Amino acid sequence: MTRKILVTGGTGFIGSHTCVELIAGGYQVLVLDNLSNSRETVLDAIEQISGARPGFIRGDIRDRALLDSIFKQHDIGAVIHFAGLKAVGESVARPLDYHDNNVAGTVTLLQAMQQAGVRSLVFSSSATVYGDPQQLPIPEDHPLSATNPYGHTKLVLEEIMGQLSRSEPGWRIALLRYFNPVGAHPSGLIGEAPQGVPNNLMPYVAQVASGQRERVQVFGQDYDTPDGTGVRDYIHVMDLAQGHVAALRYLQDNEPELLAVNLGTGRGYSVLEMIQAFARSSGRDIPYTIAPRRPGDIAACWADTRLAREKLGWTAVRDIQEMCDDAWRWQARQS
Ligand code: NAD
Ligand code: UD1
């Protein structure tokens, strides 16, 4: 019997796309999600796309008894752990919620895995652990720091997993440091569905293109970048999803290891370039105004992608236009 992959946060943005790629790769998927930032109908869309419906348990990663029963009742071979809170501003306002959900929740998950003897884990980290980059592109051995509670949870969790793997050989852990995930499945059936006003650029731009919002505020045009606006390494969520499958295969095929690896494209685009690309995809005018810098923002950030290529045999292949085309197809289906 094929062992299952437990996907926490599997109905969320990145989790749902990863479920599609796992199913395409022949894996059996079991999703655990408390639906705090997603909907159960995402499972219908995953089934429509991939022809298989993941198993689903509505529940919380902080619920130890539930986790123990899941590991008892299912033959879990590995865990891909997406579940967590991710809004930087909210984390500043409610730090304890972030430490409870992200840190305590993950520690509970690790304890349940330890007890069940499941020692393969792919973890959603973030390029936010590099703080304000001292060099570009950013290699994995760049110094780590955190500038807000959300980033701090990722940093602490990376450290906890490092301590765990040193204390107890046998753990296979991939810390995947995502750059800026955007886009949607090309079917337009799954995508990013932020609640309220989007914090991130791409979903905001998409809502301006669809007429839901009036104009984009460009946070700062006085950065030391070619056009003065912030530069980021946007990565298509389907490339990211494939990176998870590559990481899972790597962990399965190699000796126990703790691997921290960047998932990015290795090139940056400015805010204005993103707005232009989205205008091309949507065929809509995207009005914008220049606003003050957003506190805590950095000027530029893009990944050194060599380690992912060497270790995982993975590179991102989708370009900025494909990211915008697919995000627009998804956006156009939202009412
Ligand atoms: P998302 O909010 O769409 O998905 C997270 C999912 O986890 C949601 O479905 C939510 O309902 C669920 N969840 C949250 N807390 C839970 C809990 N305690 N128990 C069970 N389920 C819970 O977010 P996403 O964009 O798909 O991000 C997934 C992961 O990747 C997060 O850990 C996030 O911090 C990390 N990450 C995201 C980005 C990004 O830009 N989207 C960048 C870097 C890292
Ligand atoms: C943000 C988070 C980061 C997190 C990442 C993915 C902050 C400070 N950082 O990264 O920790 O890992 O999301 O969830 O929140 N921009 C605008 N107008 C907007 C929105 C954004 O001009 O309405 C600009 C930003 O200034 C930045 C770029 O667009 O230059 C990208 O912003 P965003 O999508 O929020 O991602 P990050 O700031 O890179």
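Note that the structure is a prediction, hence the values are computed from the model and not measured. Counting starts at 1 for both ligands and their atoms, following the listed order.
Considering backbone and side-chain atoms together, F179 places no N or O closer than 3.5 Å to any N or O of ligand 1. Geometrically, ligand 1 and F13 share a nitrogen or oxygen pair separated by less than 3.5 Å. For a threshold of 3.5 Å applied to N or O pairs, the pair formed by Y150 and ligand 1 contains at least one separation below that value. Taking any N or O of P181, backbone or side chain, none lies under 3.5 Å from an N or O belonging to ligand 1. When only interatomic distances are considered, the shortest N/O to N/O separation between L32 and ligand 1 does not fall below 3.5 Å.
Within a 6.0 Å radius of OH in Y288, other residues, nucleotides and ligands contribute 12 heavy atoms or fewer. Other residues, nucleotides and ligands contribute only 12 or fewer heavy atoms inside 6.0 Å of the CZ atom of R39. Heavy atoms of other residues, nucleotides or ligands lying less than 6.0 angstrom from CG of D253 number more than 12. Surrounding CZ of R53 are more than 12 heavy atoms belonging to other residues, nucleotides or ligands, all under 6.0 Å away. Within 6.0 Å of the CD atom in Q135, the count of heavy atoms belonging to other residues, nucleotides or ligands exceeds 12.
Only the side chain of N101 comes within contact range of ligand 1, with a heavy atom under 4.0 Å; no backbone atom does. Within the 4.0 Å heavy-atom criterion, the part of L35 lying near ligand 1 is the backbone and not the side chain.
Side-chain atoms of R172 come within 3.5 Å of backbone N or O of L251 as a donor-acceptor pair. No donor-acceptor pair under 3.5 Å is formed between the side chain of Y234 and the backbone N or O of T265.
Summarising the geometry of A184 relative to D326, their closest heavy-atom pair is O-CB, 3.3 Å, with the distance given to 0.1 Å. Contact between A112 and L67 at its shortest, heavy atoms only, is CB-CB, 3.7 Å. Minimum heavy-atom separation, S270 to T229: CB-OG1, 3.3 Å.
Counting only heavy atoms of the protein, atom 24 (P) of ligand 1 lies nearest to K86 NZ, 3.7 Å. With respect to atom 19 (N) of ligand 1, the closest heavy atom belonging to the protein is I61 N, 3.1 Å. Nearest protein heavy-atom contact of atom 12 (C) of ligand 1 is D33 OD1, 3.3 Å. The protein heavy atom nearest to atom 16 (C) of ligand 1 is N34 ND2, 3.3 Å. Of all protein heavy atoms, the one closest to atom 5 (C) of ligand 1 is G84 O, 4.0 Å. In this structure, the protein non-hydrogen atom closest to atom 35 (C) of ligand 1 is S124 CB, 3.8 Å. Annotation: atom 2 (O) of ligand 1 to nearest protein heavy atom, N37 ND2, 2.7 Å. Looking at atom 37 (C) of ligand 1, its nearest protein heavy atom turns out to be I14 CD1, 3.8 Å.
Within the listing of ligand 1, atoms 19 (N), 20 (C) sit less than 4.0 angstrom from a heavy atom of G59. Interface of S38 with ligand 1, defined as ligand atoms under 4.0 Å from a residue heavy atom, comprises 8 (C), 9 (O), 11 (O). Distances below 4.0 Å separate heavy atoms of F82 from the following atoms of ligand 1: 28 (C), 29 (C), 31 (C), 32 (O).
Residue-ligand proximity: D60 is placed with a non-hydrogen atom under 4.0 Å from ligand 1. The shortest separation from a heavy atom of S125 to ligand 1 is under 4.0 Å, placing the residue in contact. Ligand 1 does not have A127 within reach: every non-hydrogen atom of the residue lies 4.0 Å or more from it. The closest approach between a heavy atom of S36 and any atom of ligand 1 is below 4.0 Å. At least one heavy atom of K154 lies less than 4.0 angstrom from ligand 1.
Only one option out of T11, D33, L189, L35 pairs with V42 in a side-chain contact (heavy atoms from CB on, under 4.5 Å); it is T11.
Not counting sequence neighbours, the partners of N254 by the side-chain contact (heavy atoms from CB on, under 4.5 Å) test are Y250.
Closer than 4.0 angstrom to ligand 2 by heavy atom are V88, S126, T128, Y150, N180, N199, N200, L201, Q217, V218, F219, G230, R232, Y234, V271, R294, D297, sorted by chain and number.
The line from NE2 of H244 to CD1 of I80 is 6.5 Å long, rounded to the nearest 0.5 Å.
Using a 4.0 Å cut-off between charged nitrogen and carboxylate oxygen, R64 and D68 count as a salt-bridge pair. E90 and R94 are joined by a salt bridge, as a carboxylate oxygen and a charged side-chain nitrogen come within less than 4.0 angstrom of each other.
If you check the side chains of Y204 and Q217, you find no donor sitting under 3.5 Å from an acceptor. Inspection of the T128 and Y150 side chains reveals no N or O donor paired with an N or O acceptor under 3.5 Å.
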